[in-house]
Amino acid sequence: MNASRAFAVTKRVLRDLKNDRRQLALIFIAPLLVISIFGVAFTGSVKDVRVVVVNGDTGVGNSSLSDKIISNFDTSVLNVAYANSESDAVGQVQNGSASAAIVFPSHFTQSVVARASGQTSVAPANTTITLLADKSNPNVSDPIIATVNTAVAQTIQGLGRQAPASVDSSNAVYGANAQFIDFFAPGIICIAVWQLTTLLTLISFVGERTSGTLFRLLASPLKESELVVGYAVAFGIIGIAQSAVLLSAAVILFHVTIVGDVLLAFGVIALLAIVSEGLGIMLSSFARREAQAIQFLPIVVLPAFLLSGVFWPIQAIPEWLRPVSYVLPTTYAVEAVRSVILRGWGLDKIYPDVIALLIFAGVFLVLATILLRRRE
Amino acid sequence: MKDDVCIRNLEKDFNGFKAVNNLSLRVKHGEIYGLLGPNGAGKTTAIRILCGLLRPSSGEAYVLGTKVPDPGVAQNIGYMPQELALYRNLTVHENLAFYGEVFGLSKRQIETREQALLKLVDLETSKNLLVDELSGGMQHRISLACTLLHEPQVLFLDEPTVGVDPDLRASFWRYFEELRDAGITMLITTHYMDEARHCDRIGFMRGGRLIAEGSARELLELTHTDSLEGAFLVYSRTEGLQ
Ligand SMILES: Nc1ncnc2c1ncn2[C@@H]1O[C@H](COP(=O)(O)OP(=O)(O)O)[C@@H](O)[C@H]1O
Ligand SMILES: [Mg+2]
């Protein structure tokens, strides 16, 4: 291994990039676009959902518990309309003009008061609010259900009654002010680096093969291992630059909070970029043209995107698919980068992930070298 | 084993197809050897074996006395692939500097040799242009310069003049003769038969085999033709009869 020859390769790759606007755009602008789209799409919480209330509650005297509950609805989430019959309300949900029907039974206040004062003969149906939601989109129905539940709890508390047990979740171990984007931003950054590094290496290497430059290099004193390492260093640097841009965008545009050591996160991402580079070189030996190389991309991107814990944790992935998650290098990178950024973990805690990535990098670089060394 | 290049009973089999078939030839020190033949004759395959890019199926090949493939000879050979083998997004200078560094040249060495070579191929003013911006002929000249930068002792030039205009071709051959006079050994392939008169010796290749060998004059006299193209056709026909 001759460091100056490997470094010549590194310089060559970086210069190539510097001179090629199309590649530069691919490296920096494309992921920025992706993180912005995800950021905008996912930070907006559910707002202004139309629900139809059917309030048959006659109240007791001039006080009505149902009116109190309705007045406690979070009006930024729910846009409340009224209907006279349950069938009318459900009809509106069915035709899509509303997302849920909320039905109060006719003797609601009276029954709740009676139940509260110890009467056991009250029929449960008379104290139950029926919520008929379009649950086909849980992202909409879950907030409706949560809002109604909260309003009920608030109303009961307002009456001076305490629930027999309660949960206080206002303090957090990690991620005190975290939004969903705080959770997935580290993952998106890892996936962007993974995908683009693999793609760029693939394209560069298929180019080296088709343009004949690889022949010239293989007939020169440059060793295959030096070529692989030279590329690895270049893409490690590019990966760090990419993640710096992406992380800045996440902080500036979406107020993602960074708790831990950014440099440690960059180190992990650089390691991931090296793994991707090895993969790209390996794949390039199975492609004769650039167009063939692009066909590998879905295989590289989709599993990583879905199964490495970017949007939902590995624990939420069906057990039979989990082995796939564990052979994806991105799983370890996403986990480590997220723990550093969101939880402030140090190397002492993320080292298992780092070791996994080091093993991937070692194996992939060796395999890439072996494939290059192969002579027909 | 005095000769700089020596091939003995070389065969290269691609899944049952013999691209090179029982090829034997020698290139003496300081000689220009022209390997001539139509497309598909096996010229590129033979050169790739000599440069260590392919493994022979049988037979052997020696370069500077070393049996190839062997990483040890790389420093002393210059290979100009049939493809231009340049980085299109890099400038002329960046290409030359990269190949220079790969061959372990110092910055100083790269600079002085770059200057001399660019002058030679008449591209001094294009030093900082992207290869992509150059014409095909200019790219060929840069490709040749990249091959010569580390001052190799043996040159393997695979169709160096294909797609090059006649003026430039003539100056390429003048330059090859100068290199030969300086003691450089060259194996050059071409399918332009007539420019091979500049070679000291010529081998006709067809279907992976060497069908005739000799100096241009010998080949013309033996076949009673007045062009190498005609000579090739004669050998090609008689080989077909055998
Ligand atoms: N890697 C390969 N796999 C299969 N066939 C090949 C390969 N390389 C060359 N060939 C075949 O070998 C023959 C000789 O090719 P080549 O050496 O490139 O000829 P030339 O350079 O004289 O035009 C051609 O028929 C070509 O199709
Ligand atoms: Mg050829």
Side-chain angles (χ1 to χ4, degrees), chain A residues 1-27 200 203-231 233-234 285 288-290 369 371-376, chain B residues 12-15 19 44-45 47-57 63 68-69 71-91 93-95 97-107 110 130-133 139 143 146-147 149-150 152 156 158:
Chain A
M1 176 66 72
N2 176 314
S4 69
R5 287 198 298 244
F7 184 58
V9 173
T10 304
K11 272 197 302 191
R12 207 283 297 156
V13 175
L14 294 177
R15 278 183 174 156
D16 207 299
L17 212 68
K18 181 199 78 187
N19 294 347
D20 185 352
R21 298 247 162 85
R22 190 182 61 132
Q23 279 194 72
L24 270 183
L26 187 65
I27 287 187
L200 282 178
I203 291 178
S204 306
F205 246 80
V206 171
E208 296 256 25
R209 284 172 199 278
T210 53
S211 70
T213 49
L214 187 64
F215 294 138
R216 226 196 256 276
L217 294 181
L218 294 181
S220 81
L222 183 76
K223 291 198 181 78
E224 290 83 350
S225 54
E226 292 160 359
L227 183 59
V228 170
V229 168
Y231 259 86
V233 173
S285 53
R288 292 209 182 279
R289 276 169 281 114
E290 200 173 293
T369 307
L371 279 175
L372 279 176
R373 230 180 246 161
R374 208 181 40 166
R375 294 284 188 274
E376 228 185 309
Chain B
K12 181 65 197 180
D13 207 297
F14 290 117
N15 307 316
T44 297
T45 306
I47 281 207
R48 285 190 182 159
I49 291 172
L50 288 167
C51 293
L53 300 172
L54 289 172
R55 213 175 272 286
S57 304
V63 175
V68 287
V73 292
Q75 189 69 44
N76 299 318
I77 65 169
Y79 173 41
M80 180 170 169
Q82 194 175 332
E83 304 84 0
L84 285 171
L86 297 172
Y87 295 97
R88 308 185 70 87
N89 291 331
L90 260 54
T91 63
H93 167 72
E94 287 168 341
N95 268 282
F98 171 60
Y99 285 120
E101 285 167 19
V102 161
F103 279 94
L105 302 187
S106 70
K107 225 178 154 115
I110 292 173
L130 291 182
V131 166
D132 213 18
E133 299 165 345
Q139 291 175 349
S143 178
C146 287
T147 306
L149 193 71
H150 61 286
F156 296 104
D158 198 357

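In what follows, chains are A, B, ... by sequence order, proteins preceding strands, each numbered from 1.
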query: Judged by atom type as modelled, is there a donor-acceptor pair below 3.5 Å linking the side chain of Ser211(A) to the main-chain atoms of Ala85(B)?
result: no
- prompt: With distance as the sole test, does Arg5(A) use its side chain to make a donor-acceptor pair with the main-chain N or O of Lys223(A) at under 3.5 Å?
  reply: no
message: Going by salt bridge (charged side-chain N to carboxylate O under 4.0 Å, His left out), name the pairs with one or both residues in residues 206-220 of chain A, residues two or more places apart or in two chains.
response: Arg12(A)-Glu208(A)
task: May I have all residue pairs that pass salt bridge (charged side-chain N to carboxylate O under 4.0 Å, His left out) and include part of residues 73-84 of chain B, sequence neighbours excluded?
output: Arg48(B)-Glu83(B)
Quick one: of [options], who has the most non-hydrogen atom pairs under 4.5 Å with chain A?
options                                 : value
Thr147(B), Val73(B), Ile77(B)           : Thr147(B)
Glu101(B), Arg88(B), Glu94(B), Met80(B) : Glu94(B)
Phe156(B), Phe98(B), Tyr79(B)           : Phe98(B)

Considering only heavy atoms and a distance below 4.5 Å, find which of [options] pairs most often with chain B.
options                                 : value
Val9(A), Thr213(A), Thr210(A), Asp16(A) : Thr213(A)
Gly207(A), Ser220(A), Pro221(A)         : Pro221(A)
Asn2(A), Asp20(A), Leu222(A), Leu17(A)  : Asp20(A)

query: Say you draw a straight line from CG of Asn76(B) to NE2 of His150(B); how long is it, rounded to the nearest 0.5 Å?
result: 7.5 Å
task: Can you measure from CD (Glu376(A)) to CZ (Arg374(A)) and round to the nearest 0.5 angstrom?
output: 8.0 Å
field: Side chain, backbone, both or neither of Ser4(A) within contact of chain B (heavy atoms, under 4.5 Å)
entry: neither
What part of [X] is in contact with chain A, defined as an atom under 4.5 angstrom from a non-hydrogen atom: side chain, backbone, both or neither?
X         : value
Tyr99(B)  : side chain
Ser143(B) : both
Leu90(B)  : both

task: Test side chain to side chain contact (heavy atoms under 4.5 Å, CB included) on Leu214(A) and Leu227(A) and set out the steps.
output: CA-CA 10 Å; Leu214(A) 187 64; Leu227(A) 183 59; 3.7 Å; yes
